[in-house]
Amino acid sequence: MNQAIFTRLAETGRPRIAFTLDSRPVEALAGDTLLTAILTQAASVRESEFGDGPRAGLCLMGACQECWVMLDGHGPVRACTTPLEAGMAVRLRRRHAD
Amino acid sequence: MPTDALCTANPHAAADLPPVIVGAGPAGVRAAEALLAAGLAPILIDEGAAAGGRIYQRQPPGFTRDAATLHGTEAGKATALHTAFDAIAARIDWRPGTLVWAVRPGELHLHRDGRAETLPFRDLILATGAMDRLIPLPGWTLPGVFSLGGAQIALKTQAVAIGRQVAFVGTGPLLWLLAHQYRKAGGGIAAVIDTTPSATKRRQILGLLTQPGMLARGLSYMLGLRRAGVRIVEGAMPEAILGEGRVQGLRWRDARGRVQESVCDAVAMGWHLRPEAQLAELAGVPFRFNPRQRNWEPDKDPTGRTAVPGVYLAGDGAGIEGADAAEIAGARAALSLLQDRGRAVDAGLLAALDRRAGAMLAFRHALDAAFPFPHALAAGIADDVMVCRCEAITAGELRAAVDPGGAMEINRAKAFSRLGMGRCQGRVCAPAAAEIIAARLGAPVEAVGRLRAQAPVKPLPAAARSTP
Ligand SMILES: Cc1cc2nc3c(=O)[nH]c(=O)nc-3n(C[C@H](O)[C@H](O)[C@H](O)COP(=O)(O)OP(=O)(O)OC[C@H]3O[C@@H](n4cnc5c(N)ncnc54)[C@H](O)[C@@H]3O)c2cc1C
Ligand code: FES
């Protein structure tokens, strides 16, 4: 089932880059932000810490701080302003909830 | 130790410090260009990886769409600004990927690649731009809801649409421009819902005619959308974003009061912009309320000067005036700085800039009146709707904080409710929160004040933080 929020309209000939989402191997395109890489295949970037459901960012310009995700070996990063790099291991869910 | 020993230990005499510009959008780039032209190479800082700012933000390397595809009628201006920047980049101290997270007297605190450093300054031009102004709605935290500006960044810099069928809701030129850009790029549009009735816009026709080219462009976007069969509704109010776990629809009430629903999988929303003025506040610049835009803005005079010597403002960060005005204001602030440093400045150039800035005012005022902020929509948000997304504070909790015996002012309401204490520092919720508090108190919105900025203006990875 396609869960994606974002849909690509152009620029689809860029090289593919491999990374993992909650340990699942996936691919996105060189030049994607982490947020684009995630939301072209997943329905959210994180769960609200207040239990009110999933969140997927809002402003895409580094202002709202809604899009922080965990990178294994690195810590929390803001997905909308972080470029995707090969081999990144992204955690959308907290470890114990896996 | 005697204090002058400390002063002389400073490796730079303050007078030698290069001017610092924060923000490499239209305002910051034109300011840098003007300073360099006068022989004063500035330090230009931007959080982003490339210059251009919001409107002319560049796509990452490897993308191939041309300027016409990306910027439409503004392609010439975008290219001109990028060319101007490329021509000076090697001759100024250009610092991309650098966040200015605090300002203290004579000192900026920077953060780059996980490291914090300080930068002494004597003269500072803040050209920090703006962000979308939002109104909380039931369901607005659902995945698939983005700001208009965010939806535009998705398209321009990532070549993605925020959904397959997008509902656009809000008011202002960006609403129509963005819907037009999505249509041209092949994105699906569920509806364009403008909270301003068309009669309100028509009433401003004389003022809008002072910039006939801009008016014609705006009208052509509207006409193109209509011709393409896009559902367009004016004078309607959104009621709720619908969906389980993600956006599935938008409920709204038309001008005659009938409740309607649009099926969509994403919503782009926004009601104009608000200045990103946290650094100006930390620099000590006083604020004023702009009643036409219903925004607080750091106070500058038409020359870009502020009440704080050595601190200048330009562009949308000092009041929303648009990209063309930002370019003029950037150059103007740079000339003021040069004058204040005792340098000779071309009087003809000064006069020309002032004339061009003045000529834009009538259009800007008409635009503000043509697309008013629907403050009653914000003030009337139902008690159970989340207003502060960072701390999950509802409108009801906020109202409870201002009930009799409670807070009279937004920063006290913040202390009582935690509203605006989260990661975004109230950037997202402050305009609506002020309307809710003002309505509850029966006071004008300017009387409840504004949320104050704090350093760090954006969250930093803990390791990089040093005490300012
Ligand atoms: C998302 C968005 C999209 C927009 N799209 C359009 C459009 O299509 N057409 C239009 O006419 N207008 C648009 N606008 C309005 C826009 O604000 C102006 O047209 C124009 O970009 C203003 O220029 P500026 O130089 O004042 O600020 P900006 O172009 O916003 O540039 C400000 C720069 O300052 C940097 N900055 C801010 N704070 C810091 C900090 N603390 N540290 C380091 N760097 C910092 C930012 O990264 C940014 O690059 C848009 C606004 C937004 C927010
Ligand atoms: S989406 Fe707003 S900060 Fe990333």
Side-chain angles (χ1 to χ4, degrees), chain A residues 2-17 28-68 71 74-84 92, chain B residues 47-49 54 57 59-65 69 97 99 129 131-132 134 140-147 149-155 157-164 182 185-188 244-247 265-266 276 386 389-392 422-425 427-428 458-459 461-463:
Chain A
N2 186 354
Q3 299 223 307
I5 301 280
F6 287 174
T7 174
R8 296 194 192 273
L9 296 179
E11 305 280 2
T12 49
R14 288 173 281 140
R16 306 190 72 81
I17 286 192
L29 303 182
D32 282 354
T33 63
L34 215 40
L35 189 67
T36 300
I38 296 168
L39 291 184
T40 46
Q41 42 210 332
S44 66
V45 301
R46 65 181 181 93
E47 290 291 318
S48 160
E49 52 274 53
F50 303 99
D52 59 277
R55 304 278 179 100
L58 180 67
C59 72
L60 273 68
M61 52 174 276
C64 75
Q65 318 304 332
E66 285 262 2
C67 65
W68 286 74
L71 275 191
H74 190 101
V77 296
R78 202 168 50 201
C80 73
T81 53
T82 304
L84 173 69
L92 304 185
Chain B
E47 202 189 341
R54 301 297 169 207
Q57 192 168 341
Q59 50 187 1
F63 285 62
T64 56
R65 291 168 300 170
T69 308
L99 172 74
M131 75 169 286
D132 295 273
L134 301 172
W140 76 312
T141 57
L142 286 171
V145 179
F146 296 92
S147 67
Q152 190 191 50
I153 291 170
L155 179 61
T157 73
Q158 295 283 284
V160 297
I162 59 165
R164 288 159 200 278
Y182 266 61
E244 281 296 323
R246 60 185 296 163
V247 174
D265 63 359
E276 275 284 281
M386 190 185 295
R389 300 164 60 115
C390 298
E391 295 289 318
R423 288 179 282 217
C424 89
Q425 292 207 2
R427 279 176 176 79
V428 176
K458 289 187 182 178

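Keep in mind that the numbers below use all heavy atoms, side chains included, and drop hydrogens, waters and symmetry copies. Just so we're on the same page: letters track the sequence lines, and every chain starts at 1.
Atom CE of Met61(A) is separated from atom CD of Gln57(B) by 9.0 Å, given to the nearest 0.5 angstrom. With rounding to the nearest 0.5 angstrom, the SG atom of Cys64(A) is 10.0 Å from the CG atom of Asp132(B). Taking CG of Leu134(B) as the start and SG of Cys59(A) as the end, the distance is 9.0 Å to the nearest 0.5 Å.
Only the side chain of Leu39(A) has a heavy atom closer than 4.5 Å to any heavy atom of chain B. Heavy-atom distances place both the backbone and the side chain of Thr7(A) under 4.5 Å from chain B. For Phe6(A), the parts sitting under 4.5 Å from any heavy atom of chain B are the backbone and the side chain alike. For chain A, the nearby part of Glu47(B) is the side chain; its heavy atoms alone come within less than 4.5 Å.
Using a 4.5 Å cut-off on side-chain heavy atoms (C-beta onward), Ile162(B) and Ile5(A) make no contact. Residues Val160(B) and Leu9(A) fail the side-chain proximity criterion, which asks for heavy atoms closer than 4.5 Å. Side-chain contact between Glu11(A) and Gln158(B) is absent, with no heavy atoms from C-beta onward closer than 4.5 Å.
Among Ala151(B), Pro61(B), Cys390(B), Ala49(B), the residue making the largest number of heavy-atom pairs under 4.5 Å with chain A is Cys390(B). By number of non-hydrogen pairs under 4.5 angstrom with chain B, the leading residue of Pro83(A), Ser44(A), Gly57(A), Gly53(A) is Gly57(A). Contact tally against chain A (heavy-atom pairs below 4.5 Å) for Ala185(B), Gly188(B), Gly186(B): the top residue is Ala185(B).
A salt bridge is defined here as a Lys NZ or Arg NE, NH1 or NH2 lying under 4.0 Å from an Asp or Glu carboxylate O, and Arg427(B) with Glu66(A) fails to meet this definition. We find that Glu49(A) and Arg423(B) are joined by a salt bridge, their nearest charged nitrogen and carboxylate oxygen being less than 4.0 Å apart.
In this structure, Gly150(B) and Leu60(A) approach most closely via the heavy-atom pair O-CD2, 3.3 Å. A pairwise comparison of heavy atoms in Ala10(A) and Arg65(B) identifies CB-CD, 4.3 Å as the closest pair. For the pair Pro54(A) and Gly245(B), the tightest heavy-atom approach, listed with the atom from each and the gap, is CG-O, 3.6 Å. Across all their heavy atoms, Gly31(A) and Pro60(B) have their closest contact at O-CG, 3.5 Å. Closest approach of Pro459(B) and Gln65(A) over heavy atoms only: CD-CD, 3.6 Å. Closest approach of Pro143(B) and Ala43(A) over heavy atoms only: CB-O, 3.2 Å.
Under the 3.5 Å distance criterion, the side-chain polar atoms of Arg55(A) are matched with a main-chain donor or acceptor of Arg389(B).
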